[in-house]
Amino acid sequence: GGWTIGSDKLSSTGFEISSSGGTVGSNLVISSSNFKVNSRGDVVGGVNNILDSTSTGSAILTGYSNVITMSSYASAIAAGHNNKIADGTDQSFIGSGDSNLISGSADGTVIVGGRSNLITLNSGESFIGGGLYNKILNGSYRSVIVGGSTNTIKDTSYLSVIVGGGQNIIGPSSYRCFIGGGQNNSASNDSFDSFIGAGGYNKINDLSDSNFIGAGYYNFIGHFGGFPIVRYNFIGAGYSNEIRDRADYSGIVSGLDNTISASNFSFIGGGSRNIIKSFSSSSMILGGSSNTISGSDNSSIIGNNNSTAGY
């Protein structure tokens, strides 16, 4: 295992310093059986990793079968298996994990670890911390998924966040939305500036602006049948509560199967199967069960099985 000195090469068993063009200062290559540094500063370590000639100033430190390709400048993969940075994605980073992908000019993005996580076309400066099968899709720049499983921020939902949980979705063009955790929660198409904290199967429906669901299950804010935007509403928690169809600036604190529809500035504190409907603006049911306000503005009920009807 001694050293061999040639006109453009210094080598030993498993290690080599060479000059591919005969000019050491401009074409220096330092390499071993699983590590290589060239004169551009590109670094490749590990096993079966690929750093192509168009991806300058980039590095793959270790791991195996990782790839940086197609003019992805100043990017790095630290470790792991089958991770890839591609398609002109500059200044991006994958820490470790398995089968993670950053592609499509998603510059300045980070996947720390996990498995089969994805950041795609023009979703620059976005972040996935870990977990598996999480996705930040086309044009959702500066968005974040911290962890969890099968969470998705869909196309052009920029500046949005999913903290964790499973199968949570922020739909297309739902920018500046937040889902904290839980499972199967969704802010659907064009539901911008909306918040779901936790729970399961809670939904803020299409064209819903600046709404809040704190927790619980099967709670819903939105519209059916083509009604206008539903906005500035609040559901704290509970099960199967709804604010829908031309109901703005209204709130349900908690309870079961309570509904506010087509009634602005209205409030249900709790209880079960309470209803404010048919343009009953500025009305209130504090609690109880099976109370109804219909077509009656500025009305209030507390108790059970009471009703107020107007026009």
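Every value quoted in this text rests on a predicted model; they were computed, and no experiment measured them. The residues of the chain are indexed from 1 along the displayed sequence.
- Among all heavy-atom pairs drawn from I301 and T292, the shortest one is CD1-O, 3.6 Å.
- Inspection of the S140 and S143 side chains reveals no N or O donor paired with an N or O acceptor under 3.5 Å.
- I169 has its side chain within reach of K154: a pair of non-hydrogen atoms, C-beta onward, lies under 4.5 Å apart.
- For the pair S174 (side chain) and D190 (backbone), a donor-acceptor distance under 3.5 Å is present.
- When the salt bridge (Lys or Arg N to Asp or Glu O under 4.0 Å) test is applied to R142, the partners found at least two apart in sequence or on another chain are E125.
- Screening S75, S71, S72 for a side-chain contact (heavy atoms from CB on, under 4.5 Å) involving S55 leaves a single residue, S72.
- In terms of modelled atom types and a separation under 3.5 Å, the side chain of N100 and the main chain of G114 share a donor-acceptor contact.
- Within the structure, ring pair (Phe, Tyr, Trp, His ring centres under 6.0 Å) contacts touching residues 105-160 (residues at least two apart or in different chains) are Y141-Y158, Y158-Y175.
- A pairwise comparison of heavy atoms in N185 and I179 identifies O-CD1, 3.8 Å as the closest pair.
- Between Y64 and H81, the ring planes are tilted. Angles from 30° to 60° get that label.
- Within the structure, every pair that satisfies the side chain to side chain donor-acceptor pair (under 3.5 Å) test and touches residues 231-240, not counting sequence neighbours, is listed here: N211-N233, S240-D257.
- Paired with L137 under the rule side-chain contact (heavy atoms from CB on, under 4.5 Å), one option of T156, T152, I170 passes, and it is T152.
- Side-chain contact of S266 with S283: a donor-acceptor pair under 3.5 Å is absent, judged by distance alone.
- A donor-acceptor contact closer than 3.5 angstrom is absent between the side chains of S281 and N264.
- Closest heavy-atom contact between S296 and S280: N-OG, 3.0 Å.
- Under 3.5 Å, the side chains of N82 and D98 contain no donor-acceptor pair of N or O atoms.
- V163 approaches F178 most closely through the heavy-atom pair CG2-CZ, 3.6 Å.
- Side-chain atoms of S208 and N205 form no donor-acceptor pair, as typed in the model, at a separation below 3.5 Å.
- Across D87, T89, N138, T109, a single residue satisfies side-chain hydrogen bond (donor to acceptor under 3.5 Å, both in side chains) together with T120, and that is N138.
- Scanning all heavy atoms of the two residues, the minimum distance from D52 to M70 falls at OD2-N, 2.9 Å.
- Ring-plane geometry between Y249 and F265 is classed as parallel, the angle between the planes falling under 30 degrees on a 0 to 90 degree scale with a further cut at 60.
- Under a 3.5 Å cut-off, the side chain of N202 and the backbone N or O of G216 do form a donor-acceptor pair.
- For the residue pair I260 and I268, the shortest heavy atom distance occurs at CG1-CD1, 3.8 Å.
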